[in-house]
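Remarks on the structure that follows.
Sequence positions, counted from 1, serve as the residue numbers for this chain. Indexing begins at 1, ligand by ligand and atom by atom, following the structure's order. Values in this document were obtained by computation on a predicted structure and should not be read as measured data.
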Amino acid sequence: MDDEVVLKAPLFATMEPEETRKLFESMQKVTLGRGDVLFHEGEPGDRLYVIARGKIKLGRRAPDGRENLLSVLGPGEMFGELSLFDPGPRTATASAVSDALLYELHNKQLIAWLTEHPGVSSHLLRALAQRLRRTNDSLADLVFSDVPGRVAKALLDLASKFGEPTADGVRVAHDLTQEELAQLVGASRETVNKALADFTQRHWVRREGRAVVLLDVDRLERRAR
Ligand code: CMP
C-alpha cells in the first residue's frame, strides 16, 4: 500500500517493475510525528524525499519571524530535490502536519539512477515545470486576487490532493491550524477567518476542526477565478 503510492512518484515513472523495486528497496524509511521538523531552510541538503503517508508543509520564515507556506504535500509527492539539482542550501523548512512516513533517497543514489535511466529525467523535469506553473499562479494570485478568492483557491487546491467525496460534498481533512491555513493563503488569520465565516454563512463550506467540507464547489471555483 505504501509502496504503491510511492511508486507513483515521477522518480519511478516508466521503469521496469524490477528496476523500480530495486531503487525503492534502497531507500530509507523516515517516520515523523505531527510538528516534527525534517530539515530547516538554509541547511545543506543531500537527499530527497517521497511521501508515503501523511502531509508535509514547506515553509519560509521572514527576518521579522512571519511565516509563509509554499505548499502542503501529500502521498506520492516528492520534495527536497532543489538542493540536489542546484547545489545549495535548502530553500524551505519541511515539517510534518500530521504523522507521516517518507522514503529518502541520497544524492549519490539519485545521480547513479539518473545516469542508468536517463528517461526518468524528463519526468522529473515535468514535475518541476508543473511546480513552477503552480508557483506562478500563486504569485499572480497574491498580486491580483483578494483574500476570499485566495482562500477559495487554497481550499480547492487542498481538495484536489486530500479531498474525499461524501454525501453532501467533498471532505478535506487538511490537518492545518487556522494559523497554518492563513500562512498558506498569505494573509492574516483574521482576514482568512472572515472569508471562511462568509463561505460558511453562504453554505459553500462547513468547518469541522482541522477539516472542511466543500458543499458548493461550483461557487468556490467561481470565487477563485
Ligand atoms: P530543497 O530546496 O532541497 O528543500 C525544500 C524543498 O521544498 C525544495 O527542495 C523543493 O522540493 C520544495 N519546494 C520549494 N519551493 C516549492 C514550491 N514553491 N512549491 C512546492 N515545493 C517547493
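- Glu41 has no carboxylate O lying under 4.0 Å from a charged side-chain N of Arg90, or vice versa, which leaves the two without a salt bridge.
- Taking CG of Leu196 as the reference point, atom CG of Leu181 lies at 6.0 Å (rounded to 0.5 Å).
- Looking only at heavy atoms of the protein, atom 15 (N) of ligand 1 is closest to Leu70 CD1, 3.5 Å.
- Residues Leu58 and Thr93 form no side-chain contact, since every pair of their non-hydrogen atoms from C-beta on lies 4.5 Å or further apart.
- In summary, of the residues considered (Leu155, Val213, Val217, Val170), a side chain to side chain contact (heavy atoms under 4.5 Å, CB included) with Val205 occurs for Leu155 alone.
- For Glu25, the CD atom sits in a packed shell: over 12 heavy atoms of surrounding residues, nucleotides or ligands are nearer than 6.0 Å.
- When heavy-atom distances to ligand 1 are checked against a 4.0 Å cut-off, Ser71 comes that close only through its side chain, counted from C-beta outward.
- Each of Leu102, Val97, Asp36, Val72 was compared with Ile56 under the side chain to side chain contact (heavy atoms under 4.5 Å, CB included) criterion, and only Leu102 meets it.
- Using a 4.0 Å cut-off to heavy atoms of Phe39, the atoms of ligand 1 that qualify are 4 (O), 5 (C).
- The shortest heavy-atom distance from Ala92 to ligand 1 is under 4.0 Å.
- At a 4.0 Å cut-off, not a single heavy atom of Gly45 sits close enough to ligand 1 to count as contact.
- Aromatic ring centres of Tyr103 and Phe24 lie closer together than 6.0 Å.
- If you look at Leu82 next to ligand 1, the close heavy atoms, those under 4.0 Å, come from the backbone and the side chain alike.
- When hydrogens are left out, the protein atom nearest atom 3 (O) of ligand 1 is Ser83 OG, 2.4 Å; that is the closest non-hydrogen contact.
- Neither the backbone nor the side chain of Met78 has any atom closer than 4.0 Å to an atom of ligand 1 (non-hydrogen atoms only).
- The ligand atoms of ligand 1 that sit less than 4.0 angstrom from a heavy atom of Arg90 are 1 (P), 2 (O), 3 (O), 4 (O).
- Which parts of ligand 1 touch Phe79 is read off a 4.0 Å heavy-atom cut-off, strictly below it: atoms 11 (O).
- Taking CH2 of Trp204 as the reference point, atom CG of Leu214 lies at 12.0 Å (rounded to 0.5 Å).
- Note: Phe79 and Phe39 have tilted aromatic rings, judged against thresholds of 30 and 60 degrees for the angle between ring planes.
- Proximity of Thr91 to ligand 1, defined as any heavy-atom pair under 4.0 Å, is shared by backbone and side chain alike.
- The atoms of ligand 1 that sit less than 4.0 Å from any heavy atom of Thr135 are 18 (N).
- Of all protein heavy atoms, the one lying nearest to atom 12 (C) of ligand 1 is Leu58 CD1, 3.6 Å.
- Of the protein's heavy atoms, Gly80 N, 2.7 Å lies nearest to atom 11 (O) of ligand 1.
- Contact check for Arg210 versus Thr177: side-chain heavy atoms found under the 4.5 Å cut-off.
- Of the protein's non-hydrogen atoms, Arg131 CD, 3.8 Å is the one closest to atom 17 (C) of ligand 1.
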